[in-house]
Amino acid sequence: MEIKVKHTDIRQHRTDCAVIPVYEKRRLSAAGKALDELANGALGRVLRSGDLDGRRGQSRLLPAMEGLPCARVLLLGLGREKDLNERGFRDAVTLAWRVLQDTGSRDATFYLGESKVGKQGEEWNIYQAARLLRLASYRYTATRSDDRAPKAALRRVVLDVADKRHLPRARRALAEGDATGEGMNLARELGNLPGNICTPSHLASEARKLAKGCESMRVQVLDQKAMEKLGMGSLLSVAKGSRQPPRFIILEYRGARGTKAKPLRPIVLVGKGITFDSGGVSIKPSAAMDEMKFDMCGAASVLGTFRALAQLQPKVHVVGLVPSCENMPDGAANKPGDVVTSMSGKTIEVLNTDAEGRLILCDALTYAEKYQPRAVIDIATLTGACVVALGKHATGMLGNDERLMHELERHGQDTGDRVWQLPLWEEYQDQLKSNFADIANIGGRDAGTITAACFLSRFTEKMKWAHLDIAGTAWHSGEKKGATGRPVPLLTRYILSKAVKKS
Ligand code: BES
Ligand code: MN
Ligand code: ZN
């Protein structure tokens, strides 16, 4: 499906379906009023008939009408105009897409640009609509033999830009929304694939595929031997319990180089890539254990973000690191009480083998030091405690640099991919004391998300660092079980904000 932005004249623009907002108390948008005039008040009559009064969540598809250049009109209820918020807008776009699937429309034009959403400008509407339309066209089919191929009705969507002066901004918003949606769909697909298919080697080959199509992207994959040479004893201690060989994936996107005197320091993203987390010897209860195939969603979000970068080609330098293995119980697996030596030289007492994410991340974070990054962000389905604290709506955020976290907070708001900061006070560090090693890998029952971040903070002291705990936001459970593609929108927006502007 092709998505475009255009400033159209609704009185002449031919389309299979014009999507028109209606506000509460049967108020048509400006575009709607223009159509109504052309159709001699036919839209107004539909509204007055009582079929639709503009409340949130309502929709009504009208067939061809005398005098109109569009073959159909889809009226969308947006509620009270001054109360229109981000969520209401997004729900309306998704609803429109769903209704359109059931019509014969091969193309559609959305007149949603003029709807003012909170404090956002028109480009926000374009970005969101493009992203949502991309997400809506994703369907998981990889391991199903029943035919669920989308009906492929819609071939082309035009997002009307109400104010002509907004066109340049709207084009950028479309590009970002489109690329972000594609990146999220890649992250969703990798997350949704079962653990027996989406192995560490599979992630590595997906990373290689990404780089193949992109001149400015390089991939390097380290195997167990190479990791041994680097001294990644903590990561390898987790990998040992599995038949699947571990992989350490290094992606590098160089859209800009800086100068010799002042080379550009990269942003480094580190994504947890546990392709299945059984808990290891500290084995998990079997209820919902299947969802631990999603324990590589941090890694998937890094690949998804690189997918977006490949499409957008911003002038920026980004490195992606993905430590990847399975966490399984086995004769060779970590045992509670084992002491392992990390790449940093710090020793770790593995008191619980199910706290494995931090064991692979710490070595990746130490590896990140060699890039002297301007910022390092790790993304991980790290703690069940984060789901208890924040639920499924906000990603947990902790780190050692308030400025970086403040930026991420703001970009989260703007993209709707929100984060919420938790404290990383010194007092919590005491919970990680060990009698037999430099540090323990768990900090007791209290403040599980914070002590996990405390653990990581021991390996990021030399860098500006933020940690995103996506345990609650990376996938939906229940009927809609499936990966969400978060936080690709947040990461992509953050990186774009650091790009050198094209002249
Ligand atoms: N991958 C899990 C975290 C997780 C659990 C995410 C459930 C989403 C839903 C992680 O490896 C883990 O098992 N963490 C433990 C840490 C504990 C042993 C300190 C947890 O959260 O129970
Ligand atoms: Mn675990
Ligand atoms: Zn895990």
Side-chain angles (χ1 to χ4, degrees), residues 191 195 198 200 203 234-235 237-242 244 246 270-301 322-330 333-338 348-362 364 378-396 398 422 428 431-434 439-456 467-478 481-484 486-487:
C198 188
L203 287 179
S234 184
L235 196 173
S237 79
V238 179
K240 268 188 321 178
S242 160
Q244 285 293 335
V270 179
K272 172 177 173 182
I274 294 288
T275 57
F276 187 75
D277 181 11
S278 71
V281 170
S282 314
I283 199 161
K284 285 182 182 296
S286 45
M289 206 205 273
D290 66 291
E291 294 188 8
M292 283 298 115
K293 74 174 182 180
F294 294 117
D295 212 17
M296 36 54 72
C297 282
S301 77
V322 173
S324 181
C325 66
E326 282 182 337
N327 185 24
M328 298 290 279
D330 173 278
N334 268 334
K335 304 174 291 298
D338 282 2
I348 302 162
E349 186 182 14
V350 183
L351 287 172
N352 189 318
T353 66
D354 197 11
E356 86 296 340
R358 59 199 82 179
L359 293 178
I360 69 167
L361 289 170
C362 69
D378 79 77
I379 308 101
T381 47
L382 203 62
T383 62
C386 192
V387 195
V388 176
L390 298 175
K392 307 284 269 174
H393 305 297
T395 291
L398 306 95
L422 297 171
Y428 292 104
Q431 288 175 235
L432 293 177
K433 281 188 177 149
S434 159
I439 181 176
N441 81 327
I442 53 169
R445 206 178 54 111
D446 294 354
T449 303
I450 298 176
T451 53
C454 282
F455 181 94
L456 299 178
H467 159 63
L468 301 176
D469 193 330
I470 56 168
T473 52
W475 74 88
H476 299 296
S477 306
K481 194 189 286 181
T484 61
R486 288 178 69 181

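The figures that follow rest on heavy atoms only: side chains count, while hydrogens, waters and symmetry mates do not. First listed ligand is number 1; within each ligand, the first listed atom is number 1.
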Give the atom numbers and elements of ligand 1 that come within less than 4.0 Å of a heavy atom of [X].
X    : result
E356 : 11 (O)
I442 : 19 (C)
N352 : 18 (C)

Criterion side chain to side chain contact (heavy atoms under 4.5 Å, CB included) on D354 and D277, from CA distance to verdict:
CA-CA 8 Å; D354 197 11; D277 181 11; 3.3 Å; yes

Which is the closest N/O/S atom of E356 when seen from the Mn ion (ligand 2)?
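The Mn ion (ligand 2) is closest to the E356 atom OE1, counting only N, O or S.
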
The test is side chain to side chain contact (heavy atoms under 4.5 Å, CB included); show your working for Q431 and C454 and say whether it passes.
CA-CA 9 Å; Q431 288 175 235; C454 282; over 6 Å; no

Nitrogen or oxygen atoms of [X] and ligand 1 under 3.5 Å apart:
X    : answer
T383 : no
K272 : yes
G384 : yes
D277 : yes
D354 : yes

So which atom in L203 and which in S324 form the shortest heavy-atom distance, rounded to 0.1 Å?
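Taking L203 first and S324 second, the nearest heavy atoms are CD1-OG, 3.6 Å.
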
Indicate the atoms forming the closest heavy-atom contact of I379 with S301, along with that distance.
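That would be CG2-OG, 3.5 Å.
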
So how far is it from [X] [atom1] to [Y] [atom2], rounded to the nearest 0.5 Å?
X    : Y    : atom1 : atom2 : value
H393 : R486 : NE2   : CZ    : 9.0 Å
L398 : L456 : CG    : CG    : 9.5 Å
T395 : L468 : OG1   : CG    : 6.5 Å

Side-chain donor-acceptor pair under 3.5 Å between S237 and N334, yes or no?
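The answer is yes; a qualifying pair exists.
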
Is a donor from one side chain sitting under 3.5 angstrom from an acceptor on the other, for T275 and Q244?
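Distance-only check fails for T275 and Q244.
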
At the Mn ion (ligand 2), what is the angle formed between atom OD1 of D354 and atom OD2 of D277, rounded to the nearest 10°?
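The angle at the Mn ion (ligand 2) comes to 100°, rounded to the nearest 10°.
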
Could D378 and K272 be called an ion pair, given the rule that one side-chain N must be under 4.0 Å from one carboxylate O?
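Looking at D378 and K272, the cut-off is not met.
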
Please name the atom of E356, limited to N, O or S, that comes nearest to the Zn ion (ligand 3).
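Atom name returned: OE2.
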
Which residue and non-hydrogen atom of the protein lie closest to [atom], and at what distance in Å?
atom                    : value
atom 6 (C) of ligand 1  : A471 CB, 3.6 Å
atom 16 (C) of ligand 1 : R358 NH2, 3.8 Å
atom 9 (C) of ligand 1  : M292 CE, 3.6 Å

Is ligand 1 less than 4.0 angstrom away from at least one heavy atom of W475?
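The answer is yes, since W475 has a heavy atom less than 4.0 Å from ligand 1.
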
Min heavy-atom dist K284 to ligand 1 below 4.0 Å:
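Per 4.0 Å heavy-atom rule, K284 contacts ligand 1.
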
Please check if atom NZ in K392 has more than 12 non-hydrogen atoms from other residues, nucleotides or ligands closer than 6.0 Å.
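Yes, NZ of K392 has more than 12 neighbouring heavy atoms, counting only those of other groups under 6.0 Å.
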
What angle, in degrees and rounded to 10°, do you get at the Zn ion (ligand 3) when you join it to NZ of K272 and to OD2 of D295?
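NZ of K272, the Zn ion (ligand 3) and OD2 of D295 span an angle of about 90°.
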
Below 2.8 Å, any N, O or S contact between D295 and the Mn ion (ligand 2)?
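No.
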
Backbone, side chain, both or neither: what part of I274 comes under 4.0 angstrom of ligand 1, heavy atoms only?
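It is neither; nothing of I274 touches ligand 1.
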
Among I274, L235, I348, which one satisfies side chain to side chain contact (heavy atoms under 4.5 Å, CB included) with L359?
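With L359 as partner, side chain to side chain contact (heavy atoms under 4.5 Å, CB included) holds for just one option, I348.
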
Tell me whether the Zn ion (ligand 3) has D277 as a neighbour, meaning an N, O or S atom of it below 2.8 Å.
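Within the cut-off used here (under 2.8 Å), D277 does place an N, O or S atom near the Zn ion (ligand 3).
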
Please evaluate residues T449 and L390 with respect to the criterion side chain to side chain contact (heavy atoms under 4.5 Å, CB included), reporting the C-alpha separation (whole Å), side-chain torsions for both, the decisive distance (0.1 Å), and the verdict.
CA-CA 10 Å; T449 303; L390 298 175; over 6 Å; no

Do any non-hydrogen protein atoms sit less than 4.0 Å from atom 11 (O) of ligand 1?
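Yes, there is one.
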
